[in-house]
Structures are given as structure tokens and as C-alpha cells.
Amino acid sequence: MDCHLVLEERVPNSYNPEASGNNFLYQLMGVKSITVVPKGTDMMGAMNTLADKLMADGRKPYVIPGGASNALGALGYVACMEEIMAQMFSMGQNFDHIVVPSGSAGTHGGIMAGMVGNNINIPVTGIGVNRPKAVQENAVLTVANQSLQLLGVAARVPADKVVAFDDYVGPGYSLPTDGMVEAVKLLAQTEAILLDPVYSGKAMAGLIDLARKGYFPKGSKVLFLHTGGSPALFAYLPTFRV
């Protein structure tokens, strides 16, 4: 199947068609077209407009929302939570807390749905990377409960169980912060684990700061969900060479 991308330029004038990182991967994987729209664009509307053009050319497009963050897309992280649960049982492990990146809400929402659907009572804290706390928590709650409904599960995620901090976004989505840089370097130099600058880097920065502030009781076993994305590091070379 052909792939056509619609990208939201959330930071004005930030899109560089010659950039490395994810942009290089788009080209390597043979994307057929890239449409860049400004921040605040109705993304679903923009994607549907492109889909209509493709239909007029005889194609049968399937529109995937940003981050695949809808009831269907979030099922991937419902399955992720089930896999974590299975590994916990097989290894005789338990966790007191889980920390996850929280962006378009599919990851965080899927994990919450997986928790409730499997009767796992581990607190989850999301580290937001783009939206204000109240907006983000509502988005996560919506995706989580839509996923449970799609699965035919009667239970729902209680609103008070959804926590997403917005303290670590910094100046804006995808824009570097000192905490993110510290976290990426720390994990790389001590554990040989590569975080990405946009999601997992800021999420780890949040985890580190919360741990320093005593958010997690002393001795807590905290599981960090690494969502990948390390190729994005190569689009941020100046940030890490200072």
C-alpha cells in the first residue's frame, strides 16, 4: 500500500524537507507524498481532503489519525499492558508505579484500558509532551474508554485514575528542554539506552524530576515505558553537541 503523510507543523517554520531523523525515514520507506499544514489545522479534515483526492484517482484510502490515537489504534497498548502483565507473572515481578509518555493519547489511553480490562491496580503517571494537563487527561480518558467499549468490556477507567503532568513540555511540542537533554545523556551514558527528544526523553525527564521530589515513595519499583523513536535524535544534533 502507498503511504501519504499529512504533517502538522506545530512549531512554525520548523519543517525541513532535508532534515534527517524521521524525515529521512519517510524517504527511505518510500512515502508517496508529504503534505505539511500549519499548527491548529483540523488534521482529520486535512487527511480526509487528501483521501478524497486519492479516491478521485481510483484509490481506496484508509485514514489513520495522528498517533493512531483512536479506539482501534490504542488496542496496541492494551496488548502491551497484557504483555507486561504476562512478563510480571512469569518473572515473579511486581511494580508500584508505571510512567508513560503522553502525547496524542493512544499510548497512555491504551495502557489505562489494559489496566482496567485486566484488573491490574498499578498507578500510572503520564508525562505530557504537548497539551495542558486538563486537556490531556480528558483525551486519555476518552481514548481509554472508547477502547474498552470496542473490546466489549463493561468496566470504564475512572477519571481520577488518569494523571498526566504538563510540567515537562517546556517551550512547546518537540522543542528541547534542559531536563530532556539531561535525561537522554544520562540514559545513554549509564545504560546504553537511547531515548528520543520529543517523547521518551521528556517523559524520562519527568520521571527523574518526580523521583527527586519524592513523588514515588522510597524503595518504589517504577516501570518506565520506552516508546522508541531514537532516530529522531539525529534531527537534534546541535542540541546535544553544545
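These figures come from a predicted structure and were not determined experimentally.
- What you find for Ser200 and Phe224 is that their closest heavy atoms are O-CZ, 3.6 Å.
- At most 12 heavy atoms of other shown residues, nucleotides or ligands fall within 6.0 angstrom of atom CG in Asn121.
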Practice task
Kindly determine whether Tyr77 and Val100 satisfy side-chain contact (heavy atoms from CB on, under 4.5 Å), including the steps that lead there.
Solution key: CA-CA 11 Å; Tyr77 276 101; Val100 303; over 6 Å; no
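- Checked against side-chain hydrogen bond (donor to acceptor under 3.5 Å, both in side chains), Asp2 has the following partners two or more places apart in sequence or in another chain: Arg59.
- Met180 has its side chain within reach of Val184: a pair of non-hydrogen atoms, C-beta onward, lies under 4.5 Å apart.
- Side-chain contact check for Val31 versus Leu25: every heavy-atom pair is 4.5 Å or farther apart.
- Distance check, rounded to the nearest 0.5 Å: OG1 of Thr190 to NZ of Lys185 gives 13.5 Å.
- Side-chain contact between Pro65 and Met44 is present, with at least one heavy-atom pair separated by less than 4.5 Å.
- Within the 4.5 Å cutoff, no side-chain heavy atoms of Phe240 are placed close to those of Pro176.
- Around the CZ atom of Phe95, the shell of radius 6.0 Å holds more than 12 heavy atoms that belong to other residues, nucleotides or ligands.
- Nearest approach of Gly206 to Ile127, heavy atoms of both residues: CA-CD1, 4.1 Å.
- Heavy atoms of other residues, nucleotides or ligands lying less than 6.0 angstrom from NZ of Lys161 number 12 at most.
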**Report entry** side-chain contact (heavy atoms from CB on, under 4.5 Å) between Val198 and Lys202, worked out
**Finding:** CA-CA 6 Å; Val198 181; Lys202 287 188 176 180; over 6 Å; no
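- Taking the side chain as every heavy atom from C-beta outward, Ile84 and Met81 approach each other to under 4.5 Å.
- The number of heavy-atom neighbours closer than 6.0 Å to CD of Glu9, taken from other residues, nucleotides and ligands shown, is above 12.
- The shortest side-chain heavy-atom distance between Asn23 and Asn16 does not fall under the 4.5 Å cut-off.
- In the hydrophobic clustering of ILVMFWY residues, with side-chain heavy atoms under 4.5 Å counting as a link, Met112 and Leu148 come out together.
- Between Ser102 and Gln136, some side-chain heavy-atom pair lies under the 4.5 Å cut-off.
- A 4.5 Å side-chain heavy-atom check between Arg156 and Val116 finds every atom pair outside the cut-off.
- Side-chain atoms of Tyr215 and Thr125 include a donor-acceptor pair closer than 3.5 Å.
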